[in-house]
Amino acid sequence: MRIMLVDDEPFVLKLLARQLHAAGQQDITACESAFAALERLGGAEPPVDLIFCDLQMPDMDGAEFLRHLADRAYTGSLILVSGESERILRTAEKLAQAHRLRVLGALAKPVEPAQLRRLLAQCTPGGAAPAGLATGGPIEVAEFAAAIAAGELENHYQPKIDLASGRVCGVETLVRWRHPEHGLIFPDRFIALAEENGLIDALTAVVLDAALAQGERWRAAGIDLSIAINVSMANLTSLDFLERAFHSFANSRFPLDGLVFEVTESRLMANPLAALEILTRLRLRNIGLSIDDFGTGHSSLAQLRDVPFNELKLDRSFIHGAAHDGALRAIAEGSTLMARQLGMKSVAEGIEDEDDWEFVRAMGCDQAQGYFIARPMPGDRIPDRISGWTCR
Ligand code: C2E
Ligand code: CA
Ligand code: CA
């Protein structure tokens, strides 16, 4: 692996180089400034696989260096190193990610050998980002419309745990597109497309109908779960969506008080009056309303004031790692407390490890969801997963 170190302090460079040698690395270039690093990167052949970058440097600081790396389309990995506070390290990490650089992590000085080894183990030389499932080109609107009509969308369900009892109390419905050639395609690639091209009502209708039917099957098998589905703000611009939903409810025996609509505002409310009417009428039917991704984008305090939400869903960006990050912890705890004072349920998503799990339990959150508990899965796998969880 070709490694480059960038730090203005010669002593730090020497120490880090020694630690890397001890970890089995041979090909190390040390640079005492970001300028020197950029110069060397220019002609580096074969290209550098991994850069360790200090943030605080006199001539060009780490943040500016990141921008130059992005401009040069640097495809290797990056580890940020700093004696600054944890918060500055996190901010720099976000900045690097926003530049679409591959950040393996951040190290506080003095660097701990064990932590260094852990990050090194994550680095795969060559630089190419791991190819995801079906990373084909852009999706054609007509192709996607046809896929909805052809029944190629399928629901997966991710369990949610009631933290007081430790039981699986519900699921969140997450849509996938089973493409005949490319396999499973995830919603991040087509939700915005559907919203922008008038297909989101059709998508949500298919998801809702399948979820209601699945809910009935679980109940027939003696499994009583609440079901959340994701509703886009774009669904709430006209009453068509509401009429379609009422029609679905009329054709289903699934109890409406077991249904939760998670609403994310990915853009400004186009028609606030229509949205407010639809949400109020859903709530009057006893359907739960959850403010999704709370604290990000436009899912804000103003919405809490104006919309009859009865559940607050804390975004995973505030949960995972909160046990070790004072700022995240303050946001997560503050939001949970606010939910309680407003008489709302709180749900934490993004529980990825045991530390997250212990953190949300101690925080007094009502429900938890995340990879540590279970990944989203097809509906027929849920019964087994529930028995498995109960044992665990
Ligand atoms: P979301 O509502 O925030 O849903 C949670 C996403 O986080 C899901 O991604 C889920 O698989 C993922 N996730 C769950 N646990 C963890 C965890 O512990 N760590 C991490 N890093 N991620 C976790 P997915 O299925 O790719 O969905 C992405 C987004 O697409 C959803 O975000 C939601 O906004 C949207 N979406 C999904 N299905 C629908 C739908 O039927 N309608 C609409 N309008 N949007 C949908
Ligand atoms: Ca959601
Ligand atoms: Ca979220």
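Position 1 is the first residue of the sequence; numbering continues from there. Computed from heavy atoms alone, side chains included, the values below leave out hydrogens, waters and symmetry copies. Order of listing sets the numbers, starting from 1, for every ligand and every atom in it.
Summarising the geometry of Ala17 relative to Ile28, their closest heavy-atom pair is O-CD1, 3.9 Å, with the distance given to 0.1 Å.
Interface atoms of ligand 1 facing Gly350, defined by a heavy-atom separation under 4.0 Å, are 17 (C), 18 (O). Per-residue contacts place Asp188 under 4.0 angstrom from the following atoms of ligand 1 (heavy atoms of the residue considered): 28 (C), 29 (C), 30 (O). The atoms of ligand 1 that sit less than 4.0 Å from any heavy atom of Asp293 are 3 (O). Counting the atoms of ligand 1 from 1 in the order shown, those under 4.0 Å from a heavy atom of Gly370 are 15 (N), 18 (O).
The presence of a protein heavy atom under 4.0 Å from atom 32 (O) of ligand 1 is ruled out. Atom 19 (N) of ligand 1 is approached by the protein to below 4.0 angstrom, counting heavy atoms only.
Side-chain polar atoms of Thr296 and Asp315 form no donor-acceptor pair below 3.5 angstrom. Inspection of the His99 and Gln97 side chains reveals no N or O donor paired with an N or O acceptor under 3.5 Å.
Heavy atoms of Gln369 come nearer than 4.0 angstrom to ligand 1 in no pair at all. Distances from ligand 1 to the non-hydrogen atoms of Val207 include at least one value under 4.0 Å. Note on ligand 1: Lys313 sits outside its first shell, no heavy atom being nearer than 4.0 Å.
Around the Ca ion (ligand 2), protein N, O or S atoms at a distance under 3.0 Å total 4; waters are neither shown nor counted.
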